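Worth saying up front: this structure is predicted, and the values here are computed from it rather than measured.
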Amino acid sequence: MEFFTTSLLNGISYGLLLFMLSSGLTLIFSMMGVLNFAHASFYMLGAYFAYTTTLFVGFWPSLLVAPLLTGAVGALFERWCLRRVHRFGHVAELLITFGLSFVILELVQLTWGRSAVDYRVPAALDGPLFTLYGTQFPIYRAFMMGIALLMLVSVWLLLSRTRIGLVIQGALTHPEMVEALGHNVPRVFMGVFGGGAALAGLAGVIGGNAYVTEPTMAGAVGPIIFVVVVVGGMGSLAGAFVASLLIGLVQTFAVALDQSALGALQSAGVAVTPETFGYPLLKLKISQVAPILPYLLLVLMLIFRPKGLMGTREG
Amino acid sequence: MDAMKKPFGLPFFTLTAAAVLSLHAGLAHAQAGETVKIAWIDPLSGPFASLGANQLKSFQFMAERVSGKKNPAGVTFEVVGFDNKASPQESLNVLKAAIDQGFRYVTQGNGSGAAAAIIDAVAKHNERNPGKEIVFLNHSAVDPDLTNSKCNYWHFRFDADTSMKMEAMTTYIKDQPSIKKVYLINQNYAHGQQVSKFAKETLARKRPDVQIVGDDLTPLGQVKDFSPYVAKIKQSGADTVITGNWSQDLTLLIKAAKDAGLDVNFYTYYAAVIGTPTAIGAAGEGKVKMIAYSHHNIPGDIAVVGEEFNKKFKEDFFTTDIYNIFTMLPAAMAKAKSTDPVKVAAAMEGLTVKGFNGDITMRASDHQMQQGLYLSTWRKVDAKNKYNVEGTGYTFVPDKFYEPYVSSTPTSCQMKRPGA
């Protein structure tokens, strides 16, 4: 019971972090149809911006400033680069964001160096929130969960309950009509891309000090957020939320399982020795493969349900 | 000695004079004044770029420091960096380039896979190109196989291998009766698997009462959130964790443990590698222990090197066996009275010099450096241990020094010597 509760909490909080990372990506994809390969780079940029601004204004203002800066970078990129290649179709858009990810990586290394920076959790949020069966639950994790939920609710409200949201959704399907009504559609797209980048930046502000702020951080989260978006369903915010939690829980609980195919065979009375064909594969424990389960899920999902859990958009 | 074999060749007077002269002018040998170029083959791009860049600077800093009259051979050292992108294949490409450019000494260390590839390529090259032999100075690749089943005459390892560090670590653990349950968590590749294997073997021998309550292997660099593993460690009731993890796999583990309030000690291999101390910070205070040939507060010349290096580059000098390389190599050249790799390799066999960590000997049977190891703990800087690691306010404080014989492990190497 003790282990189950701790793991459940860990799984949910990890899932919420994944959601925080992928919400901006899924937002941009659902609204603009652009699969932003540089999304994880904006996450990294947010962390580095937060590290620098924290030195000057402290953590709390950084929580606002760093995402705004990241959003501005995103908006400028959309205005001057993405918009120009838009007419060449999705492949060109994909490639330019792919290129951007390398540019950001190099710029970050030139500016802040190649090794980790000392970006710390603020003292007010450092320490345990409560202790459950002798295991502490850190305040910062709860803070991360809170921000992720806040992000979910506010993005959803913005898109479905406000005028801006209506214009954004309209601009997606009927750009000419929205333009005829007097709205500046390109600027709407710029805003969406900037907003998506800002969400990634916010995740960076929070993830950067919870984990480690270093140039490899973008590469480390890049693959997993694509899994979330694909499993959840391309462009579905709710889908991304469900997929994040699912992946968080699966991965967390799989770590606890030390069973292997070898053990199963042996208990079934089959003699397995190190000479048996495929022995190295058979002796793999579930806990050992836990971190790659999400990718397995990705492959299975694409085979059996290509549109994802809650996908609406055609691939 | 050659002169002595010709009994009537030289008048007695001349012979004595020559002997006296050569004694007094130790620098007057043929090799003095020569330039020895060392090709450094390690990553300068990719995830390990910061580590590689620091080590290249360390090499060049030490080369400059000992060059000329400051080393017994009186030679000038020059180190040129070649980026192998951490890949064995790319290592071979740049090794070829280095050989074409006339380098006769190569050094590498990050990754035993790349090291094995270089050993193999150097051996083949030396066999096919007599008179153009290359010597490989391995500064950090610690796979025990490199001095056992894959051992080669042209390869010299200055680091202590995985099994040696485990010997010293478990000797320390043997004297800690409070350790009862050990959890092993390692990266799922050659190095991590070996740490796990040697930990189990040596603990069973030295502390059979200690229980191994967990043995996890995680994919290299894939785990973002270590809290599930921390929950598992807690569940197992472990009081000690042994891990060969490095970089983010180490820092994220320690951070997650601190967040969960897990009260265990971490016995690590690589807590001092660039960036790791910054990331560990306060989370590891008193809990992170390291087994290595070095720590940051060794007095003497190495402390001066550390300070000068830090002043010049604002980084730590942590791959300190580079200091030992630049002690042993010139000593061997002075002994061989030559910079010819063939003669220097022969001179290095069994050679003992004074390293920063005591007397160090290059064991002739397998070319594995026999050296003292330190077990140290991550603690706040104090008056006695004042080196501020990466500006964190923390440092590695030595608990125990182990003489070379403690960590010495037997070798199965059947070395094939040239001409034999």
(request) Could you look at A:A210 and say if it's the side chain, the backbone, both or neither that has a heavy atom under 4.5 Å from chain B? (result) backbone
(message) Can you tell me how far apart CD (A:Q136) and NZ (B:K258) are? Round to the nearest 0.5 Å.
(response) 9.0 Å
(request) Name the option with the most non-hydrogen atom pairs under 4.5 Å to chain A; the candidates are B:G275, B:S227, B:G261. (result) B:S227
(request) Among B:T392, B:N188, B:T276, single out the residue with the greatest number of heavy-atom pairs under 4.5 Å to chain A. (result) B:N188
(request) Report the option among B:P219, B:G214, B:S50 that has the most heavy-atom pairs separated by less than 4.5 Å from atoms of chain A. (result) B:S50
(message) Using 0.5 Å steps for rounding, measure from the CG atom of A:N209 to the NZ atom of B:K255.
(response) 7.0 Å
Identify all side-chain donor-acceptor contacts of residues 306-313 of chain B below 3.5 Å with residues at least two apart in sequence or on another chain.
{"from": "B:N310", "atom 1": "ND2", "to": "B:E315", "atom 2": "O", "distance (Å)": "3.3"}
{"from": "B:N310", "atom 1": "ND2", "to": "B:D316", "atom 2": "OD1", "distance (Å)": "3.4"}
{"from": "B:N310", "atom 1": "ND2", "to": "B:Y387", "atom 2": "OH", "distance (Å)": "3.4"}

(request) Evaluate the side-chain proximity of B:K224 to A:I224: yes if any heavy-atom separation is below 4.5 Å, no if none is. (result) no
(request) With a 4.5 angstrom heavy-atom cut-off, could you sort out which part of A:Q288 is near chain B: side chain, backbone, both or neither? (result) both
(message) Taking every non-hydrogen pair under 4.5 Å, which of A:T252, A:T216, A:V289, A:L284 racks up the most with chain B?
(response) A:T252
(message) Could you report the tightest heavy-atom contact between B:Y229 and A:S287, atom names first, then the distance?
(response) OH-O, 3.9 Å
(request) Examine whether an atom of B:K232 lies under 4.5 Å from a heavy atom of chain A, and if so say whether it belongs to the side chain, the backbone or both; otherwise answer neither. (result) both
(request) Using a cut-off of under 4.5 Å on heavy-atom pairs, state which of B:T278, B:T251, B:D259 scores highest against chain A. (result) B:D259
(request) Search all heavy atoms of B:A231 against all heavy atoms of A:T6 and return the closest pair with its distance. (result) CB-CG2, 4.2 Å
(message) Tell me whether A:F56 at atom CZ has more than 12 heavy atoms from other residues, nucleotides or ligands lying less than 6.0 Å away.
(response) no
(request) State whether A:K285 and B:D215 are salt-bridged, where the test is any N-O pair (Lys NZ or Arg NE/NH1/NH2 against Asp/Glu carboxylate O) under 4.0 Å. (result) no
